[in-house]
Amino acid sequence: MGVTSHVMDFETASAADLKVVGAWAYAEHPTTEVLCLSFEPLNPSMTGAALTWYPPPALDAPMEDWNRWREVNGELHALLKDESAMFVSHGDFERAIWHHIMVPVFGFPPIPNKRWNDTMAIAAQKQLPLELDMLGRALGLRHEKDKEGRALTISLSKPNKKTGMLDRRPETLARVYQYCESDIGEEREALDRLGWLQPGERRVWLLDQKINQRGIKIDRRYVLACQKIVDEATVPLAKEFEEITGGLAFTQRDRIMGWLEKEGVHLPDLTKATIAGVLGGTVDDSDDVAEDDGSETWEITLPEHVKRALQIRQLVGSAAIKKLDRMAVCTNSDGRARGLLQYHGAGPGRWAGRILQPQNFPRPTDAVRGKSVDLIVGTLMTGDWEYTEMILGPAVEAVAGGLRHALIAEKGHTFVSGDFSTIEARIVLALAGQKDKIELFRRADSGERLPNGLKIDAYNDMGALIYGDPTFDRKKPEWQEQGQIAKNTVLGCGFGMGHAKFHSRYCAHQPVEFAKDVIDTYRNDWAPTVPDLWKGLEAAALRTVQTRQPHEAYGVTYALEGGWMTARLPSTRKLYYWNPQLVKRLMPWQDRNGADVWRECWTYQARKMGQIKTIDAYGGLLTENVVQGLARDLLVAAMFRLEENGFPLVLTVHDEAVAEPMGSSVDEKAFREIMIEGTAWSREIGLPVNSETWVGDRYRK
DNA sequence: CGGCAATGCGCC
DNA sequence: AAACGGCGCATTGCCG
C-alpha cells in the first residue's frame with residue numbers, strides 16, 4: 001500500500017455514549033466535538049513524525065498559536081489534496097467523524113472509502129482480537145497503553161461536578177494530544193505485524209463499508225409504540241412477580257433459582273425450553289426450528305404460586321426487547337442505523353452484528369406466527385398492550401416476535417431478500433463427494449416426486465433410514481417428532497457431533513442407544529464419505545504443522561505462513577489460525593480395551609468472550625470452518641452480483657441477503673436467479689444452490 | 001461507581 | 001476409533 005499511507009486517530013468528547021449508539025450516530029450527535037486528530041506516515045524512516053491537528057484557536061489567541069495551528073492545518077490539507085495519499089484507521093470511527101464533523105464543520109474535503117485501510121478489518125481477517133490493546137497483547141507488542149491519558153480523555157466528555165464546566169484548558173488538551181499520538185504508535189506497530197488484507201478481500205471490505213454506511217431505516221414510530229406496550233404490560237407483571245417471590249425481579253436468574261430450590265422445585269436452568277417443559281406446554285417447534293427438541297413435558301406438579309412466577313418470567317423475560325432501546329437511539333437524523341455489521345467478525349469470515357445485533361432477532365413467536373406482517377404491525381402500532389393481547393397474545397412476546405419488523409424500507413423503496421437453503425449441510429456433502437445425497441437435494445429443489453407420490457425431501461430420506469420405513473413422511477402428524485430428529489441429523493451431524501451431545505440436545509427422553517444408532521446411521525449409511533472428510537482435513541492440517549510443509553485435502557490447502565496456519569479454500573480465500581502449536585491430547589473416547597487414547601494434535605489461539613483462548617483443532621471443527629467459510633464466499637459472490645444489478649444491500653445474516661431497491665415493483669425472480677447462480681468453485685464441487693425469497697416493505701423471516 | 005468475568009439467551 | 005461451531009448483548013455479581 002505504499003509509502004504515502006498515514007495512520008489517523010481522533011480523540012473526541014461527547015454527551016453521547018459511543019458504545020451504545022455506535023460511531024455514526026455518535027459522530028452526528030450535536031454535542032460531539034473533535035479534540036484532536038493525530039496522523040503519522042507509515043514509512044518507517046519517518047517514525048516519530050506524528051502531527052496533531054486540533055480545532056482552530058480562539059479568534060483572540062496569540063499570533064504564535066495561530067501560526068502553529070496554520071502549519072499543521074496546511075499539512076493536513078496538502079495530504080488530502082495528494083490523491084495518492086492513503087489513510088489507515090482502526091474501525092469506522094475515524095471515517096464517521098471525518099464525514100460528520102471534519103467535512104461540514106471544518107471544511108475538509110470528503111475522503112472516499114477507497115483511500116482508507118482499516119487495521120480492525122485486517123486483524124479480523126487474520127483471526128486476531130479486534131480491540132486494539134488486546135490485539136497488541138496477542139501479537140506480543142511491547143507498546144504500553146497510556147491508561148492515564150485514556151482516562152483523562154474519557155473524562156473530558158463529562159462536565160466538572162462542581163462547576164458544571166467542561167475542562168478544555170490548554171494543559172489538559174496538550175496531555176490529550178500526547179495520548180493520541182501514543183495510540184497511533186500502537187496501531188502502527190500492530191500494522192507492521194499484520195500486513196494487509198489478503199488478495200480479494202479489499203473489495204469485500206469496500207462493499208462492507210458501502211453497506212454499513214448506507215445503513216438501514218428504523219421505523220421510529222413503531223419502536224416507540226412497542227416500547228410503550230412493553231413498559232405498560234410489564235409493570236403489573238413485575239409487581240406480581242415481586243410479591244410472589246418476596247422481592248425478586250424477574251431478571252435475577254440466580255436468585256430465582258435459589259428461590260425455586262427453597263420452594264422445593266429443582267430445575268436445571270431457566271431456559272425457555274425448561275420452563276415450557278415444567279409448565280406443561282410443549283415447546284412449539286415450528287418446521288424450521290432445529291432446537292429445543294430435547295424438552296418435554298416433565299412430570300412435576302408445581303405449587304400454583306411457583307407456576308405463576310415461572311409463567312410471568314416466560315411472559316416478560318425476553319432480553320431481546322432491549323433492542324428497542326438501541327433502535328431508538330442509534331439512528332442518524334435520516335432515520336437510518338449505520339455500522340450494524342462488523343466485517344469478518346466471525347472466524348471463517350462471516351459478518352458479526354453490532355449495536356442492535358440485527359443477526360439475532362427472535363424468530364416468529366407463538367403470538368405472531370402465521371399472522372401477516374400487516375396485522376402484527378397494525379396491532380403493535382396502536383401502542384395498546386391490552387388490545388395487543390386481545391389480537392395477538394401475550395404482549396411482550398408479541399413485541400419480541402415483531403421486533404424485526406422495525407427495520408423498514410425507505411419511502412419509495414422495497415425490500416427484497418433471499419437466503420441459501422440448508423447451505424451448510426449441502427456444502428459438507430458436496431465437499432465430501434457424497435454424490436447420491438447431493439443429487440437428492442438437487443431433485444428436491446426441482447420439486448421431483450418419489451414413485452409413491454411423496455415430494456423428495458432430504459429429511460424424509462434420513463428419517464426413512466433411521467426408522468427403517470421407506471414411506472416416512474415428516475409432514476404426517478404422527479411423525480412430527482421423528483421428522484425433527486431426521487432434520488437435526490441432516491443439519492447437525494456434518495461436523496462430527498457425538499452421540500452424547502446429540503442425545504442431550506435432541507432426544508434426551510430416548511435411550512442413549514437411540515442417539516448412538518442415529519449417529520451411526522448418519523456416518524455409516526447416510527453420508528459415509530463425510531467422516532472421511534473430517535479425517536482428511538485433520539490429517540492434512542496436522543501433517544502441515546508437523547512437517548512445516550503445505551498439505552492438501554479435499555481442495556483445501558493448509559500451510560504455515562508467518563505466525564499463522566492458513567487454510568486455502570476452493571474459493572481461493574484463506575482462513576487464518578493464529579499461533580499453531582503441536583500438543584499431545586487425551587481423546588474423549590477409549591480404545592476397545594477401554595484404555596485412554598493419546599494423540600498428537602495441534603492447537604491455535606482465537607478470541608473468545610473478550611479473551612485469547614487456546615483451541616484444539618480437530619477434524620470436525622476444521623470441516624465446519626471450511627464449510628462456513630465457503631458458505632460465506634458463496635454469499636459474498638452473490639452480494640457483488642446483487643449490488644451490480646440494481647439490488648443495493650442493506651443487511652446480510654450469514655446465509656441471507658436483504659436489498660432495498662427503488663420502486664414498489666421489484667423483480668424478485670431476478671433476485672433469486674442472482675442468488676442461486678453459484679460460482680466456479682461451487683459448480684466444480686457440484687453444489688446445488690437454492691434460495692427462498694420474499695419481497696416487502698418490512699424485514700421479516 | 002466503573003471495570004471485568006461469567007452466564008444466559010437469541011440467531012445462523 | 002471420532003469432539004458441532006460461530007457470534008453479541010444484557011444482566012448479575014465480584015472486585016477495587
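In what follows, chains are A, B, ... by sequence order, proteins preceding strands, each numbered from 1. From a predicted model like this one, the values you see are computed outputs, not experimental measurements.
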- Using a cut-off of 4.0 Å on non-hydrogen atoms, how would the nucleic acid contact of A:Ala320 be classed: base, sugar-phosphate, or nothing? nothing
- Task: Name the orientation class of the two ring planes belonging to A:Trp602 and A:Tyr604 (parallel below 30°, tilted from 30 to 60°, perpendicular beyond 60°).
- Result: tilted
- Task: For A:Glu424, report the nucleic acid contact type (base, sugar-phosphate, nothing); a contact means any heavy atom under 4.0 Å.
- Result: nothing
- Quick one: label A:Leu356 by what it contacts on the DNA or RNA (base, sugar-phosphate, nothing), any heavy atom closer than 4.0 Å. nothing
- Does A:Lys701 come within less than 4.0 Å of A:Glu692, counting only side-chain N to carboxylate O? no
- Query: Is any side-chain N or O of A:Thr251 closer than 4.0 Å to OP1 or OP2 of C:dT12?
  - Reply: yes
- Query: Quick one: is A:Lys323 getting a side-chain N or O under 4.0 Å of the C:dA10 phosphate, OP1 or OP2?
  - Reply: no
- Task: Assign A:Phe361 to base, sugar-phosphate, or nothing according to its heavy-atom contacts below 4.0 angstrom with the strands shown.
- Result: sugar-phosphate
- Pairing partner of C:dG16, by Watson-Crick or G-U wobble and under 3.5 Å for both distances, is B:dC1
- Within the structure shown, what part of the strands sits under 4.0 Å from A:Arg253 by heavy-atom distance: base, sugar-phosphate, or nothing? sugar-phosphate
- Between the side-chain atoms of A:Arg350 and the base atoms of B:dC12, is any donor-acceptor pair under 3.5 Å? yes
- Message: Regarding A:Asp655, tell me which of base, sugar-phosphate or nothing describes its non-hydrogen contacts under 4.0 Å with the strands shown.
- Response: sugar-phosphate
- Task: Have a look at A:Gly353 and say if it touches a base, only the backbone sugar-phosphate, or nothing, with a 4.0 Å heavy-atom cut-off.
- Result: sugar-phosphate
- Message: Once you apply a heavy-atom cut-off of 4.0 Å, does A:Arg150 come out as touching a base, just sugar-phosphate, or nothing?
- Response: nothing
- Cationic N near anionic O, under 4.0 Å, A:Arg523 to A:Asp520: no
- Message: What I'd like to find out is whether the side chain of A:Arg573 reaches to under 4.5 Å of the side chain of A:Arg632, using heavy atoms alone.
- Response: yes
- side-chain N/O A:Arg313 vs B:dC9 OP1/OP2, d < 4.0 Å: yes
